[in-house]
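For reference, the structure discussed in these notes is given below.
Throughout, residue positions are numbered sequentially from 1 according to the sequence presented. As the structure lists them, so they are numbered: ligands from 1, and atoms in each ligand from 1.
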Amino acid sequence: MKHLISPLDFSVDELTQLLDLASDIEKNPGKYKEACKGKKIATLFYEPSTRTRLSFEAAMLNLGGSVLGFSSASSSSAAKGESVADTIRIISCYADICAMRHPKEGAPLVASEYSGIPVINAGDGGHQHPTQTLTDLMTIRSLKGRLDNLTIGLCGDLKFGRTVHSLINALVRYQGIKFILISPNELKVPEYIREEVLQANNIEYKEVSKLEEAMPDLDILYMTRVQRERFFNEEDYIRLKDSYILDTGKMNLAKQDMLVLHPLPRVNEISVEVDSDPRAAYFKQVQYGVYVRMALILTLLGIKTD
Ligand code: CP
């Protein structure tokens with residue numbers, strides 16, 4: 001039984017197969033509409049979500065399966081003190097696969113150790129968000145035509161932004177990847193990412209604080225929200241929340257074929273005027289998230305359609 005806890009749980013070849021499957025689903029959705037008939041996904045969300053939970057549910061429904069779950073810890077028996085280990089033993093009796101989001105780093109990993117069904121990490125604290133990474137990779141591959149030889153700017157909250165941590169982990173395995181890490185000093189990527197991921201893989205990167213300085217070099221700009229829910233005090237959040245606002249003036253500094261990605265939700269970090277720029281890919285990214293989660297469900301359940 002395979003789980004998806006970290007983006008490294010799939011080799012590069014396995015990732016390619018998964019993205020190929022997602023592309024086929026995009027082109028031939030009818031072929032897959034009954035692929036999961038009789039199967040159920042449980043979405044166990046101990047933290048708020050719009051995209052991840054609903055895209056998992058949409059993915060399973062598109063495959064002809066069913067969904068069950070909870071959307072907050074307070075509406076589950078976690079509120080009465082039930083452990084993640086016990087919860088997953090119960091869910092294993094009700095569903096064939098589950099997606100779990102939890103505020104504690106490592107909770108989906110713990111769940112996978114007690115589970116009788118595949119567990120998907122749908123975001124654990126400030127740690128990892130591997131299915132957002134699959135979404136990001138599909139978006140980049142579909143719109144840029146490649147996952148190698150790219151200069152990628154990651155901008156905003158690189159400390160708490162789990163989507164950034166997962167994306168860096170996944171992309172360092174491709175040739176010719178360079179990163180420009182754009183953040184205030186307090187929100188730089190954690191040391192373990194710098195040392196154990198970037199430096200350990202001899203990846204070219206630089207850390208800057210000005211977005212304007214990085215713009216002309218970028219093939220991809222990955223904007224992120226400052227993660228209010230991970231801050232220890234509100235004052236720091238208020239001071240840092242508007243560190244970067246992408247607007248048309250800054251877009252004018254970028255290449256004509258640069259793409260802007262954002263895992264969403266957006267707060268202030270991308271001005272709405274950028275939405276109509278053809279380089280803004282963040283709403284297309286959401287659609288890719290459904291295809292890639294359909295491919296992931298099929299892969300983890302071992303369902304073949306051909
Ligand atoms: N990108 C993402 O994880 O969005 P949600 O928090 O709405 O699921």
Side-chain angles (χ1 to χ4, degrees), residues 4-7 22 41-62 67 69-76 97-108 111 119-140 142-143 152 154-171 220-231 237 241 244 246 259-270 274-275 280-297:
L4 177 64
I5 304 301
S6 144
I41 188 167
T43 51
L44 314 178
F45 277 62
Y46 296 80
E47 263 196 347
S49 168
T50 296
R51 274 145 296 273
T52 311
R53 185 171 67 84
L54 296 179
S55 63
F56 267 116
E57 296 187 0
M60 190 48 129
L61 293 171
N62 290 346
V67 302
F70 52 82
S71 58
S72 69
S74 63
S75 65
S76 79
I97 187 167
C98 85
M100 175 182 284
R101 170 169 290 186
H102 202 287
K104 282 201 182 140
E105 301 190 356
V119 175
I120 300 166
N121 178 1
D124 60 329
H127 188 216
Q128 298 273 4
H129 193 345
T131 65
Q132 181 64 48
T133 297
L134 298 180
T135 303
D136 302 339
L137 295 181
M138 184 174 183
T139 307
I140 296 170
S142 300
L143 301 181
I152 297 166
L154 301 163
C155 178
D157 185 349
L158 310 188
K159 178 180 180 184
F160 296 118
R162 57 193 173 196
T163 61
V164 165
H165 306 160
S166 287
L167 187 57
I168 292 176
N169 263 291
L171 280 171
I220 307 284
L221 172 59
Y222 193 90
M223 294 296 293
T224 62
R225 170 180 71 91
V226 175
Q227 307 271 302
R228 181 180 204 161
E229 63 275 30
R230 314 266 177 241
F231 275 70
Y237 168 72
K241 72 183 172 71
Y244 302 101
L246 181 66
L259 292 179
V260 183
L261 272 62
H262 191 311
L264 306 178
R266 142 177 78 179
V267 186
N268 283 330
E269 59 281 356
I270 302 180
V274 177
D275 296 355
Y282 32 93
F283 293 120
K284 287 184 201 148
Q285 203 176 342
V286 174
Q287 183 62 61
Y288 289 124
V290 179
Y291 302 133
V292 91
R293 288 183 176 97
M294 289 170 73
L296 178 62
I297 291 169

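Residue contacts with ligand 1, taken as heavy atom pairs separated by less than 4.0 Å, involve Leu264 solely via the backbone atoms N, CA, C and O.
Of all the atoms in ligand 1, the ones that sit under 4.0 Å from a non-hydrogen atom of Thr50 are 5 (P), 7 (O), 8 (O). Here is the list of ligand 1 atoms found below 4.0 Å of a heavy atom in Thr52: 2 (C), 3 (O), 4 (O), 5 (P), 8 (O).
A distance of 10.0 Å separates OG in Ser142 from CG in Leu137, rounded to the nearest 0.5 Å. Here Phe283 contributes atom CZ and Leu264 contributes atom CG; the two are 6.0 Å apart, rounded to the nearest 0.5 Å.
Checked for salt-bridge contact, Arg230 and Glu105 miss the test: no charged N lies under 4.0 Å from a carboxylate O.
Residue, atom and distance of the protein heavy atom nearest to atom 6 (O) of ligand 1 are Arg101 NH1, 2.9 Å. Counting protein heavy atoms only, atom 1 (N) of ligand 1 is closest to Pro263 O, 2.8 Å.
Not counting sequence neighbours, Thr224 has no partner by the side-chain hydrogen bond (donor to acceptor under 3.5 Å, both in side chains) test. Residues meeting the side chain to side chain contact (heavy atoms under 4.5 Å, CB included) test with Thr52, sequence neighbours left out: Phe45, Ser49, Phe56, Arg101, Ala122, His129, Thr131, Arg293.
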Please assess Glu229 against Arg162 for the test salt bridge (charged side-chain N to carboxylate O under 4.0 Å, His left out), listing each intermediate value before the final yes or no. CA-CA 12 Å; Glu229 63 275 30; Arg162 57 193 173 196; 5.8 Å; no
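Considering only non-hydrogen atoms, atom 3 (O) of ligand 1 lies nearest to His129 out of His262, His129, Arg51.
Heavy atoms of Arg53 stay at 4.0 angstrom or farther from ligand 1.
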